[in-house]
Structures are given as structure tokens and as C-alpha cells.
Amino acid sequence: MRTTDMADELFSGAAQPLPAGVRLATARHGGVTVTRVEIAREGLSRPRGRYVTLEMPSVSVLDERDAAVIEVCARELRALLPPEGPVLVLGVGNRRITADALGPRTVQRILVTMGAGAAPPVRGLRPVAAVAPGVAAATGLSLQQLAAALVGQLHPAAVVCVDSLCSAEGQRLGRTVQFSDSGLYPAQADHTRHLTRDTLGVPVVAAGIPTLMQAQEGADLVVTPRALDSVIAHGAALLACAVNRALQPRLTVQQLCWLTG
């Protein structure tokens, strides 16, 4: 099987019964199909945790004005987060490579409410900070080093990592959102982007959209969706608004869009 970051692809289409310790359920909310996978034990192809996949029309034709889709995404993400406390949002990836730019593009639209330095946070809103750490080749520091330093300074209740994902099914590129409370855990075992509760000491929730797929099993070549620029631009706007709505439930989608420009 081609490499995939999508938990439901590993289990939902299997001809065999689900492995022990795995539960899967699917529901439909409006135009969004929600699949929840819960892995309750170690030793499987993905780490223990909850995974939520939302299938929808191509994100290239959606944006922050699609309130119904945003509300479904925000509700699922909110259920994976601590109910209160500061949150650090990390936009993981390389902004110079389009297929990998989802994270950095998303954090540009996060509503930042944490005061800089000694300044107090915005009253009545959950404290939120947002950073695009860049890549090690440009900073000289690994993602784990930068994330650990930020967590040590800010002491967040949770970290939300936004990253581009890999799918094994071409028709899902740019049409699926996945949230997980197992941390940022790319399918490749030796990947340098692994960020988990064990490495940072706080809950890590991953959010992403699949933007690439291996051309064939075991190959380094990848394929990307048509209209990739639109997938990244609209996907980043959609994800940012969903994250903002999940973290700031007192504000409407319209208010959040106005505040983030």
C-alpha cells in the first residue's frame, strides 16, 4: 500500500475485521462525511489516539465563508482539545514549496490573542499564539527543538500542529481534513516532524489536508491535486477559520473572518 497519513484509509476499506483495539464510525452532517477512528492500543500502523476525517467537496472551491463546513470542522477539533488554557498553533512546512505550504499559510490567518512579552492576553478570549517555525535548512534548528523552546516559554495547555498530509487515494487529495489527538506523526517512521505529548510534555493535536500522494508504492515521486494553488489557499483559509472557531466559540464565523482579514 502507498504511504498514507490518513487513519481511516488503513481500516475503513479493509476486507478483514477491524483489529482488536480499533473502533470506526461514520456519520454525515450536511455535505460533510465524518469518519471517527479510535485506536486504543499500541503496536498498530498508527499511534494510539482519536482520528477524525471529514470528507467534503474540494477545498479549492471552499473558503472561510462556508460556515456550515467550518462549524462541523470546528466542533470535531474542539472535542480533541483541552476545554481551556493557552494554545500554541504551529504552521509546519516549507512555505516555498506549494504542496508543503499549508501550515505556514494557515497560521497567517490565526486569531492571535496572547499578549507579547508582559502584555496581558485579550480579555474574554482564549490566549492563542501562532508561529510558522520554518524548516531546519533555513533555521539551523529542528522542528522538535523550536517547538520545545516555544512550549517551555509559553506553557500552553495544548499545541495544534497544521501540516500537509499524504493520502494513498488520489481522489481524496484536497477533499479531506483530518484531526488527531495522537500528535503530529507522519507515516514515515524516521520523519523529522514527529511532535507528540511525549516529546513536548503537553497534548498535541494535528490538523491537515492531504496534498500529495506517492506516484507508486515505494517510489519517491509524488502526485499533487489539480488546482494545487487553490487547494492550499482555500484550504488554509478553511482550516484557519475552523481552528479559530474551535478556540474562540464566543465569536461567530463572520466575526472571526472580519478580525483576521
Side-chain angles (χ1 to χ4, degrees), residues 2-6 9 31-32 52-70 72-74 76-77 89-112 130-139 143 160-180 184-188 191-193 195 205-215 220-246 253 256-257 260-261:
R2 293 184 175 97
T3 300
T4 181
D5 294 314
M6 314 301 290
E9 291 179 5
V32 181
V52 183
T53 305
L54 303 98
E55 291 190 65
M56 59 196 70
S58 174
V59 297
S60 65
V61 298
L62 299 174
D63 58 26
E64 67 274 13
R65 293 169 294 183
D66 290 278
V69 175
I70 290 167
V72 176
C73 292
E76 298 296 333
L77 175 57
V89 182
L90 294 179
V92 178
N94 189 339
R95 67 175 73 247
R96 296 184 179 182
I97 300 175
T98 304
D100 198 31
L102 180 70
R105 293 282 294 271
T106 298
V107 297
Q108 291 177 341
R109 304 178 79 120
I110 295 297
L111 179 62
V112 174
V131 179
V135 294
T139 65
L143 174 62
V160 175
C161 295
V162 182
D163 193 11
S164 299
L165 303 178
C166 180
S167 173
E169 302 175 10
Q171 69 272 20
R172 305 188 83 195
L173 299 179
R175 298 186 63 246
T176 314
V177 174
Q178 178 173 272
F179 302 124
S180 171
L184 185 65
Y185 203 94
Q188 300 92 330
H191 204 290
T192 58
R193 289 187 184 177
L195 291 178
V205 175
I209 295 171
T211 60
L212 53 88
M213 179 185 75
Q214 282 183 304
D220 292 330
L221 296 175
V222 298
V223 295
T224 57
R226 294 181 180 180
L228 179 59
D229 289 339
S230 294
V231 166
I232 296 299
H234 290 248
L238 184 76
L239 269 183
C241 202
V243 172
N244 288 333
R245 180 75 173 123
V253 170
L256 289 164
C257 290
T260 56

Residues which pass salt bridge (charged side-chain N to carboxylate O under 4.0 Å, His left out) with Arg95, listed by chain and number, not counting sequence neighbours |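 So Arg95 forms no salt bridge (charged side-chain N to carboxylate O under 4.0 Å, His left out) with any residue.
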To the nearest 0.5 angstrom, please state how far the [atom1] atom of [X] sits from the [atom2] atom of [Y].
X	Y	atom1	atom2	answer
His234	Asp229	NE2	CG	10.0 Å
Ile70	Cys257	CD1	SG	5.5 Å
Leu212	Thr98	CG	OG1	12.0 Å
Ile232	Ile209	CD1	CD1	7.5 Å
Thr176	Asp5	OG1	CG	12.0 Å
Glu169	Met6	CD	CE	9.0 Å

Donor-acceptor contact below 3.5 Å, side chain [X] vs main chain [Y]:
X	Y	answer
Asn244	Arg109	yes
Asn94	Asp100	no
Glu76	Phe179	no

Mind checking what makes side chain to side chain donor-acceptor pair (under 3.5 Å) contact with Ser180, not counting sequence neighbours?
-> Ser182
Sorted by chain and residue number, the side chain to side chain donor-acceptor pair (under 3.5 Å) partners of Gln178 (sequence neighbours excluded) come out as none
Test log, rule side-chain contact (heavy atoms from CB on, under 4.5 Å), inputs Met56 and Val72 = CA-CA 11 Å; Met56 59 196 70; Val72 176; over 6 Å; no
Could you check Val52 against Val177 for side-chain contact (heavy atoms from CB on, under 4.5 Å), going step by step and ending with a plain yes or no?
-> CA-CA 8 Å; Val52 183; Val177 174; over 6 Å; no
Passing candidate, side chain to side chain contact (heavy atoms under 4.5 Å, CB included) with Asp163, options Leu90, Leu184, Leu143, Thr211 | Leu184
